[in-house]
K.L.:
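Quick one: structure below, then a few questions.
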Amino acid sequence: MTQIIDGKAISAQIKEELKEKVAGWKEQGVEITLAVIQVGEDPASSVYVRNKKNACAYIGIRSLAYELPEATTEEELISLIGELNGREDVNGILVQLPLPEHIGEEKVLNAIAPEKDVDGFHPQNVGALCIGKPGFVSCTPAGIIQLLKRSGIEIAGKECVVVGRSNIVGKPMALLLLRENGTVTVAHSKTADLKAVTGRADILIVAVGKPRMITAEYVKEGAVVIDVGIHRNEQNKLCGDVDYESVAEKCSAITPVPGGVGPMTIAMLMNNCVESAAMRQM
Ligand code: NDP
């Protein structure tokens with residue numbers, strides 16, 4: 001029978017563990033603070049920011065919300081980040097993406113001090129991941145590793161195929177699977193025969209950004225399939241990059257959408273906030 005990987009349950013378990021850790025830090029007089037910056041009023045971003053604030057409150061992390069107007073300049077935003085970088089009481093800084101077009105995303109993300117970069121997007125953290133040094137890891141791929149491990153799925157020695165090579169999902173995902181001793185292939189839009197590549201995968205991670213693109217014919221019998229995509233279909237229902245119905249019949253384990261990868265991203269963000277406090281104590 002196909003194993004349905006329950007991201008809701010696993011993320012809840014991680015949040016409980018973190019809650020306990022944070023309570024332990026509090027007893028020692030250490031409070032963890034996350035600064036969340038949003039520029040403009042993109043409705044989807046507002047939902048993400050609210051969810052992050054709620055998760056902080058649940059775990060016992062203090063959150064500072066900076067809701068800046070759409071007209072905020074790049075200089076003003078970078079100046080705020082500089083101020084937060086210098087604040088002893090702020091452990092983590094998060095800038096909600098996307099930013100308005102007049103603000104350079106890369107410049108802003110690079111302005112965050114690497115030791116406060118809880119999203120794991122700063123080149124220093126990406127480089128650390130690449131050479132196997134400690135640092136913050138992008139939350140979605142880090143969450144997928146937790147999903148696999150906590151579902152009892154072995155990565156070492158497995159053929160792992162990642163479809164997608166974005167900086168926030170595909171590339172860090174490939175590096176993390178490599179760190180776990182998987183044999184990793186990264187496929188992308190220029191891959192010549194995608195079905196042949198994905199058809200080799202024992203573990204198939206799909207972050208392609210195309211609703212239900214990966215159908216059963218892309219998947220090897222008995223593979224583990226992780227669906228990173230989130231879309232709304234014609235009926236306004238959530239769906240992923242994987243055609244769940246057909247693939248679930250063929251694979252050994254699969255993440256649903258919603259309730260798979262999605263809830264893990266915030267749980268791992270919280271984990272990175274707790275780590276940032278732990279690193280400060282070292
Ligand atoms: P991007 O659009 O940045 O990247 C998509 C990748 O897929 C690119 O590398 C692209 O290749 C590749 N690709 C596109 N079309 C094809 C194709 N036909 N065949 C093979 N490869 C293809 O997306 P993200 O990585 O940011 O996100 C991917 C999905 O995950 C989205 O649906 C997004 O909404 C979702 N997401 C979900 C999160 C969560 O918390 N659950 C978090 C982040 C993202 P190329 O590089 O050649 O263009």
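From a predicted model like this one, the values you see are computed outputs, not experimental measurements. Remember, it's 1-based here, ligands and their atoms both numbered in the order they're listed.
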K.L.:
Hey, is CD on Glu249 packed in by over 12 heavy atoms from elsewhere, all under 6.0 Å?
P.N.:
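No, the 6.0 Å shell around CD holds no more than 12 heavy atoms from other groups.
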K.L.:
Measuring from non-hydrogen atoms of His231 to any atom of ligand 1, is the shortest distance under 4.0 Å?
P.N.:
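Checking ligand 1 against His231, which is what was asked, there is a heavy-atom contact under 4.0 Å.
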K.L.:
Looking at non-hydrogen atoms alone, which of Arg165, Met173, Met213 comes nearest to atom 17 (C) of ligand 1?
P.N.:
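Shortest heavy-atom distance from atom 17 (C) of ligand 1: Met213.
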K.L.:
Out of Val186, Val228, Ile168, Ile144, indicate the one that has the non-hydrogen atom closest to atom 36 (N) of ligand 1.
P.N.:
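Shortest heavy-atom distance from atom 36 (N) of ligand 1: Val228.
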K.L.:
Where is the nearest protein heavy atom to atom 4 (O) of ligand 1: which residue, which atom, and how far?
P.N.:
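I find the closest protein heavy atom is Ser166 CB, 3.9 Å.
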K.L.:
State the atoms of ligand 1, each with its element, that fall below the 4.0 Å cut-off from a heavy-atom position in Thr265.
P.N.:
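The list of qualifying atoms is 39 (C), 40 (O).
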K.L.:
Considering only non-hydrogen protein atoms, determine which one is nearest to atom 27 (O) of ligand 1 and report residue, atom name and distance to 0.1 Å.
P.N.:
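Checked against all protein heavy atoms, atom 27 (O) of ligand 1 sits closest to Val169 CG2, 4.4 Å.
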K.L.:
For ligand 1, which atoms sit closer than 4.0 Å to a heavy atom of Val261?
P.N.:
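Matching atoms, with element in brackets: 41 (N).
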K.L.:
Ignoring hydrogens and geometry beyond distance, is a side-chain donor-acceptor pair present between Asn233 and Lys237 at under 3.5 Å?
P.N.:
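No, no side-chain donor-acceptor pair sits under 3.5 Å.
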K.L.:
With a cut-off of 6.0 Å (strictly less than), are more than 12 heavy atoms of other residues, nucleotides or ligands near CD of Glu16?
P.N.:
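Atom CD in Glu16 is packed in, count exceeds 12.
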K.L.:
Please list every donor-acceptor pair under 3.5 Å in which a side-chain atom of residues 138-147 meets a protein atom from a residue at least two apart or in another chain.
P.N.:
{"residue": "Ser138", "atom": "OG", "partner": "Ile168", "partner atom": "O", "Å": "2.7"}
{"residue": "Thr140", "atom": "OG1", "partner": "Thr265", "partner atom": "OG1", "Å": "3.0"}
{"residue": "Gln146", "atom": "OE1", "partner": "Arg150", "partner atom": "NE", "Å": "2.8"}

K.L.:
Does Ala207 come within less than 4.0 Å of ligand 1, judged by its heavy atoms?
P.N.:
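Checking ligand 1 against Ala207, which is what was asked, there is a heavy-atom contact under 4.0 Å.
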K.L.:
Heavy-atom contacts with Gly229 under 4.0 Å: which atoms of ligand 1 show up? List them by number with element.
P.N.:
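Counting from 1, the qualifying ligand atoms are 29 (C), 30 (O), 32 (O), 35 (C).
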